[in-house]
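If you read the sequence from its start, that first residue is 1, and numbering goes on from there.
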Amino acid sequence: GDFDARVPVPLGREAELEQLRGALERVADGGSATVLVVAAPGTGKSRLVAEFLDHVTVPAWKTRVRAGAGSSLEPLAGLARTAIGESDPGAVERRLVARGSSAARSRVLAGEMTGLAASSGTSAGEAAERDARLAAWVEALDGLAGEGPVIWVIEDVHWAGGDLLAFLDRATRTPAPHGRLVIATARPGILERLADWALEERDVRRQVIDLPALAPAKAAELVARLVGGALPADLVAAIGERSDGNPLFIEELLRSWVSVGTLARDSTGWRLVDAPDRRARCRDHRRRRAVADAELVDEVAEVEDDIDVVT
């Protein structure tokens, strides 16, 4: 059989979870903050955010930037669709009025939101037009959020275009009446495109969490949580070292061993078994298994080939 489930706790991430909790506390009574979680693929950005969201009662609106998407505005359209829900334009307008916007302004904002939600465009406009539109989108989303703080989660912003990065900057600089925390995830290198984030003295509204790889002890703990004590200590150490403490690499490696029979589970738990044709079968497993990032497949293969299983 396969693993019972994903490991529920992001091992070794207690400090980062506390940073996210602190950011939410700072906006609980109003204001804005943006936390950028930066890490290499597979290090656990999404898992960290999911664990944080599992333990808060604040509503979270989630969207993702996809590489090669036809519309660069799609991530923002996703936020708009979540905010609007099943409301028609008239209902959106009435909701904004109920939150304090004038009738005239609510009509403008409702039009912007419904237009964005249906957008398949590639640009928010030029210069002044774009700035006004981004400001309206932030204002409308805040107006639709309700009477308490809200969390926006935008994943994979390393794929984002200029409009989305400008939107993030606008949201960070714009106070939200009832509080707004934006959590964005990205791969290393994103700060090269965000000049204001690279300053040594960052605004308190901007925070970067550099998510490190798992320390050797935490990598060993992850292996134990997944397959118990099935692997000898030297093999566990080799997995942690060759994977550079990348949790997704570790899970995918062990999952491939389960698939090809190197690891098997019986009534007593997991055990390591002899599998003479392990390498060939693992290669076949990688071809069959759908992994979101092609680079990850190649790197798992390199890790796998570096480790000799001794039974």
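One distance of note links CD1 of Ile250 with NZ of Lys218; it measures 13.0 Å at 0.5 Å rounding. Atom CG of Asp142 sits about 5.0 Å away from atom CH2 of Trp152, to the nearest 0.5 Å. A distance of 9.0 Å separates CG of Leu248 from CZ of Arg255, quoted to the nearest 0.5 Å. Rounding to the nearest 0.5 Å gives a distance of 10.5 Å between CG of Leu231 and CH2 of Trp270. Rounding to the nearest 0.5 Å gives a distance of 7.0 Å between CG of Leu181 and CG of Leu20. Rounding to the nearest 0.5 angstrom, the gap separating the CG atom in Leu24 from the CD1 atom in Ile151 is 5.0 Å.
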Test side chain to side chain contact (heavy atoms under 4.5 Å, CB included) applied to Ser101 and Leu109, step by step: CA-CA 9 Å; Ser101 294; Leu109 296 179; 4.2 Å; yes
Verdict with supporting geometry, Leu263 and Leu272, side chain to side chain contact (heavy atoms under 4.5 Å, CB included): CA-CA 5 Å; Leu263 280 166; Leu272 189 63; 4.2 Å; yes
Verdict with reasoning, Leu222 to Leu226, per side chain to side chain contact (heavy atoms under 4.5 Å, CB included): CA-CA 6 Å; Leu222 175 59; Leu226 292 172; 4.0 Å; yes
Worked verdict on Thr63 versus Leu76 for side chain to side chain contact (heavy atoms under 4.5 Å, CB included): CA-CA 8 Å; Thr63 190; Leu76 298 179; over 6 Å; no
Audit row: Arg170, Glu139, salt bridge (Lys or Arg N to Asp or Glu O under 4.0 Å) steps and yes/no: CA-CA 10 Å; Arg170 166 65 69 170; Glu139 182 183 353; over 6 Å; no
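Closest heavy-atom contact between Arg187 and Pro41: NE-CG, 3.5 Å. Taking every heavy atom of both residues into account, Val92 and Ser87 meet most closely at CG2-CB, 3.7 Å. A pairwise comparison of heavy atoms in Ala184 and Val157 identifies CB-CG1, 4.0 Å as the closest pair. The shortest heavy-atom contact between Gly42 and Pro247 is O-CD, 3.3 Å. Between Ala186 and Leu36, the shortest heavy-atom contact is CB-CD1, 4.3 Å. Closest approach of Ala264 and Val273 over heavy atoms only: CB-CG1, 4.4 Å.
Between the side chain of Asp244 and the backbone N or O of Asn246 there is no donor-acceptor pair closer than 3.5 Å. Between the side chain of Arg26 and the main chain of Ala33, no donor-acceptor pair closer than 3.5 Å is present. No donor-acceptor distance shorter than 3.5 angstrom exists from the side chain of Arg99 to the backbone of Ala145, with no hydrogens or angles considered. A donor-acceptor contact shorter than 3.5 Å links the side chain of Thr172 to the backbone of Leu168. The main-chain N or O of Ser102 is found under 3.5 Å from a side-chain atom of Ser106 such that the two form a donor-acceptor pair. Within the 3.5 Å criterion, the main-chain N or O of Thr174 finds a donor-acceptor partner in the side chain of Ser32. Listed for the Asp156 side chain is no donor-acceptor partner under 3.5 Å among the backbone atoms of Trp159. The closest donor-acceptor contact from the side chain of Arg81 to the backbone of Ala117 lies under 3.5 Å.
A tilted orientation is assigned to the rings of Trp137 and Phe167, their planes being inclined by 30° to 60°.
For the pair Arg47 and Glu51, the salt-bridge criterion is not met [side-chain N within less than 4.0 Å of a carboxylate O]. Taking the charged nitrogens against the carboxylate oxygens, Glu16 and Lys45 have no contact shorter than 4.0 Å, which rules out a salt bridge. Classification of Lys62 and Glu155 as a salt-bridged pair fails, no side-chain N sitting under 4.0 Å from a carboxylate O.
With contacts defined as side-chain heavy-atom distances shorter than 4.5 Å, the pair Leu144/Val150 does not qualify. Residues Val138 and Arg180 have side chains in contact (heavy-atom distance under 4.5 Å, counting atoms from C-beta outward). Contact of the Pro216 side chain with the Glu241 side chain is not registered, since no non-hydrogen atoms from C-beta on lie closer than 4.5 Å. Within the 4.5 Å cutoff, side-chain heavy atoms of Arg13 are placed close to those of Pro212. Contact check for Arg206 versus Thr34: no side-chain heavy atoms found under the 4.5 Å cut-off. Phe249 places none of its side-chain heavy atoms less than 4.5 Å from the side chain of Leu253.
Leu165 and Leu141 fall within a single hydrophobic cluster, where Ile, Leu, Val, Met, Phe, Trp and Tyr are joined by side-chain heavy atoms under 4.5 Å apart, directly or via other members. Clustering ILVMFWY residues whenever any of their side-chain heavy atoms sit less than 4.5 angstrom apart, transitively, puts Val49 in the very cluster that holds Val58. By the rule that hydrophobic residues join a cluster once side-chain heavy atoms approach within less than 4.5 Å of another member, Val108 and Leu134 end up as members of separate clusters.
The side chain to side chain contact (heavy atoms under 4.5 Å, CB included) test with Ile209 singles out one residue from Leu17, Val38, Val35, and that residue is Val35.
Annotation for Asp266: atom CG counts as buried by contact number, over 12 foreign heavy atoms lying within 6.0 Å.
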